[in-house]
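Beneath this line is the structure, given in structure tokens, with notes to follow.
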Amino acid sequence: MTLRHRQDPHGHVDGNALAGPLSELFAVDVTVAEGRCVNCGLTGPIATLMVYDRAPGMVARCPGCDNVVLRLVRTPDAVWLDFTGMTWLHVRLPAAPPR
């Protein structure tokens with residue numbers, strides 16, 4: 001059985017669909033990181049983006065203005081990641097162990 005992320009009638013899933021592909025690149029769960037849309041300024045977790053995953057890659061749009069925030073394309077030997085629709089990405093790191 002394949003688990004599908006929450007999907008709406010418009011054909012997109014939520015930003016949690018990015019968890020697997022982004023885990024190949026980052027040591028932390030990026031879906032809980034916050035980003036800010038370059039177009040409307042909406043700030044929120046990556047998990048709240050609207051992800052369209054029925055193309056060769058994944059396109060994540062802002063839930064506030066529908067602006068493309070993130071693009072991810074996986075090829076056999078590389079990952080192309082485009083964050084130009086975001087002004088910043090805030091990733092919280094786990095607390096470092098005491099020395």
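Residue numbers run from 1 in the order of the sequence given. On a predicted model such as this, the values are computed, not experimentally measured, just so you know. Side chains are part of it too, since the values below use all heavy atoms of this structure and drop only hydrogens, waters and symmetry mates.
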Residue of the set V91, V32, L89 for which side chain to side chain contact (heavy atoms under 4.5 Å, CB included) holds with I46
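Passing option: L89.
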Inter- and intrachain pairs under salt bridge (charged side-chain N to carboxylate O under 4.0 Å, His left out), touching residues 36-48, at least two apart:
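Every candidate salt bridge (charged side-chain N to carboxylate O under 4.0 Å, His left out) pair involving residues 36-48 fails, so no pair, neighbours aside, qualifies.
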Write out all pairs satisfying salt bridge (charged side-chain N to carboxylate O under 4.0 Å, His left out) with one or both partners inside residues 18-27, taking only residues at least two apart or from two chains.
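Every pair satisfying salt bridge (charged side-chain N to carboxylate O under 4.0 Å, His left out) with a residue in residues 18-27: E24-R74.
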Below 4.5 Å, heavy atoms only, C-beta onward: do L70 and L81 meet side chain to side chain?
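Yes, side chains in contact.
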Where do [X] and [Y] come nearest, in terms of heavy atoms and distance?
{"X": "S23", "Y": "G20", "result": "OG-O, 2.7 Å"}
{"X": "A47", "Y": "D14", "result": "O-CB, 3.6 Å"}
{"X": "T84", "Y": "R71", "result": "OG1-NH1, 3.9 Å"}
{"X": "L18", "Y": "A60", "result": "CD1-CB, 4.2 Å"}

For the atom pair [atom1] ([X]) and [atom2] ([Y]), what is the distance rounded to the nearest 0.5 Å?
{"X": "H12", "Y": "M58", "atom1": "NE2", "atom2": "CE", "result": "12.5 Å"}
{"X": "N67", "Y": "L42", "atom1": "CG", "atom2": "CG", "result": "11.0 Å"}
{"X": "N39", "Y": "T87", "atom1": "CG", "atom2": "OG1", "result": "11.0 Å"}
{"X": "L49", "Y": "M86", "atom1": "CG", "atom2": "CE", "result": "6.0 Å"}

Which residues satisfy the side-chain hydrogen bond (donor to acceptor under 3.5 Å, both in side chains) test with D29, sequence neighbours excluded?
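Result, side-chain hydrogen bond (donor to acceptor under 3.5 Å, both in side chains) vs D29: T31.
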Mind checking who shares a hydrophobic cluster with V73, ILVMFWY linked at side-chain heavy-atom distances under 4.5 Å?
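Reading the cluster by chain and number, V73 sits alongside W80.
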Hydrophobic clusters join Ile, Leu, Val, Met, Phe, Trp and Tyr when side-chain heavy atoms are under 4.5 Å apart, directly or via other members; which others share one with V59?
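Other cluster members: V68.
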May I have all residue pairs that pass side chain to side chain donor-acceptor pair (under 3.5 Å) and include part of residues 88-98, sequence neighbours excluded?
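Checked against side chain to side chain donor-acceptor pair (under 3.5 Å) - neighbours excluded - no pair reaches residues 88-98.
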